[in-house]
Protein chains: 2
Amino acid sequence: MARRSQAERSDATTGQLTTAARRLFGTEGYATTSIDAVAAAAGVTKGAAYHHFKGKADLFRAVFVREQEEVAAELERVALAAPDSWTALRHGVRAFLERCTDPAFRQIVLLDGPAVLGWDGVREIEYDHILRVLTMGMRAAAADGRLADGDLPIRAQMIFGALCEAGMLLARSGDPAAALLAVEAEAEDLLSAFALAQTR
Amino acid sequence: MARRSQAERSDATTGQLTTAARRLFGTEGYATTSIDAVAAAAGVTKGAAYHHFKGKADLFRAVFVREQEEVAAELERVALAAPDSWTALRHGVRAFLERCTDPAFRQIVLLDGPAVLGWDGVREIEYDHILRVLTMGMRAAAADGRLADGDLPIRAQMIFGALCEAGMLLARSGDPAAALLAVEAEAEDLLSAFALAQTR
DNA sequence: TTGACGGCCATACCCGGGGTATGTAACTTC
DNA sequence: GAAGTTACATACCCCGGGTATGGCCGTCAA
């Protein structure tokens, strides 16, 4: 192996570890995957893992954060490409639901995340990524007069919960394409809940 | 101890075990509570636990099911006491949110449940309890012309996801009473998403 | 250039806890 | 009341998370 700097070695190892962890956590689940298995899949030993991460939960956290970053980036990209704030929301919803097609994403973000990191833990991370993008999108729609006033953070959080459940639902469906349409229709109705015409 | 039948002994022991497990799982979380600790709190040993349950997950499942049964029963009671289908829905929502005030309920049903039993596992159980009651309530509201047509199971599932997130949210709030009002307002708007006046 | 220092990682080990095998006392059945 | 079954307790296995220690190599100052 050619001469490598310490930083290069570190980055390479952490990258191998998080990639392997993402694969194993996503397929086998958090509880049933061992640190040894992750390290072996990454081509290193447990010592390397415990050098870069405080423990198993910390490794999982790194995977979880990277997952959130990628989804948030894609959602932001989709939103920016949309002609107006309302279609930005709709396209974002569709992008999130399609992301839920990935079993590893569901296992890590939707199933194991809350149990491993606690609700405060996932909340803290999501608020800087997925929830941030969603809240911004809803704020823009509200500014455009497409959404009524109200508590936007609470509203975004509840919409997010509904979308997560919808993502699990269509993943279980025998006909994902048809389910996607049905779910999207319901999701649009949900967002329409806050359409301006509605009065309390 | 007086002479007891086998069935009485069994019922007493399983009751002690599930009660102790409910307390420990609810306070310490599933991963950090040991079978030994549960058995000790129940006044028996690990052998008794493994005699009545196939394993740790099975014990958790029993606790989870009982929790669902209790909530479903209360929701049904609240719904039946309501004058019409719409207020039945609203009172049910309130009852569920208040149940989320219990940290043990949140830990067991909302956080650990999906990770331990898998999504299919919780789905199967919830569909016979909370989701069943919610779907029935929405079906009644639809029959009364308070909800538009659509895919009711999907709709109920998504509403349920939103309510779970709302429950976690108001539990974290510094002022639960005020948060309850805000969350209830948003939840009503969500249900209004499917009000008959809405057209797609 | 070199030598000391520190970061990177492997090896060896501890130990808590899920799961199992076996023994024993109490209940049930005939 | 003897045989068989149920309801546990006890002792044990072993996987796996976490830690301690040592060695290799890049880094940096003199």
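Chain naming here is simple, since letters A, B, ... match the order of the sequence lines and numbering starts at 1 in each. All values below were derived from every heavy atom in this structure, side-chain atoms included, with hydrogens, water molecules and symmetry-related copies excluded.
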Between [X] and [N], is there a contact of a side-chain N or O with OP1 or OP2 at under 4.0 Å?
X: B/Thr45; N: D/dC8; value: no
X: B/Thr13; N: D/dC8; value: yes
X: B/His51; N: D/dC8; value: no

Ignoring the backbone of [X], work out which of [options] is nearest its side chain.
X: B/Lys46; options: D/dA9, D/dG18, C/dG18; value: C/dG18
X: A/Ile35; options: D/dC8, D/dA7, D/dG17; value: D/dG17
X: A/Ser34; options: C/dA26, D/dG17, D/dA9; value: D/dG17

I need the [atom1]-[atom2] distance between [X] and [N], as an integer number of Å.
X: A/Asp36; N: D/dT19; atom1: CG; atom2: P; answer: 15 Å
X: A/Asp11; N: C/dG7; atom1: CG; atom2: C1'; answer: 13 Å
X: B/Leu59; N: C/dG19; atom1: CG; atom2: P; answer: 11 Å
X: B/Glu8; N: D/dT6; atom1: CD; atom2: C1'; answer: 14 Å
X: B/Tyr50; N: C/dG17; atom1: OH; atom2: P; answer: 12 Å
X: B/Arg9; N: D/dA7; atom1: CZ; atom2: C1'; answer: 5 Å

Any donor-acceptor pair under 3.5 Å linking the side chain of B/Lys56 with the backbone of B/Thr33?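 Here the side-chain-to-backbone pair exists.
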
Examine distances only and state if a side-chain atom of A/Lys46 and a backbone atom of A/Ala40 form a donor-acceptor pair shorter than 3.5 Å.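 It does not hold such a pair.
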
With DNA chain D as reference, determine whether A/Tyr30 or B/Thr14 sits nearer its 5' end, using the nearest nucleotide of each.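 The residue mapped nearer the 5' terminus is B/Thr14.
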
Side-chain heavy atoms of B/Phe64 within contact of B/Val116, under 4.5 Å: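 Side-chain contact under 4.5 Å: no.
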
Using a 4.5 Å cut-off on heavy atoms from C-beta on, say whether the side chain of B/Phe60 contacts that of B/Ile108.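 Of all side-chain heavy-atom pairs linking B/Phe60 with B/Ile108, at least one is under 4.5 Å.
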
Are A/Arg123 and B/Glu165 within salt-bridge range, i.e. N to O under 4.0 Å?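 No, this pair does not count.
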
Among all residues two or more places apart in sequence or in another chain, which pass the salt bridge (Lys or Arg N to Asp or Glu O under 4.0 Å) test with A/Glu69?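 Partners of A/Glu69 under the salt bridge (Lys or Arg N to Asp or Glu O under 4.0 Å) test: none.
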
Would you call the rings of B/Phe105 and B/Phe96 parallel, tilted or perpendicular, taking 30° and 60° as the class edges?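 Ring orientation, 0 to 90° scale: perpendicular.
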
Which sits closer to the 5' end of DNA chain C, B/Ala31 or B/Gly47, going by the nucleotide each is nearest to?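 That would be B/Ala31.
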
Reckon B/Thr32 touches a base, only the sugar-phosphate, or nothing at all at heavy-atom distances under 4.0 Å?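 Nothing: the residue B/Thr32, judged by heavy atoms under 4.0 Å, touches no strand.
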
Nucleic acid contacts - residues 17-26 of chain A versus DNA chain C, non-hydrogen atoms under 4.0 Å: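 Those residues: none at all.
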
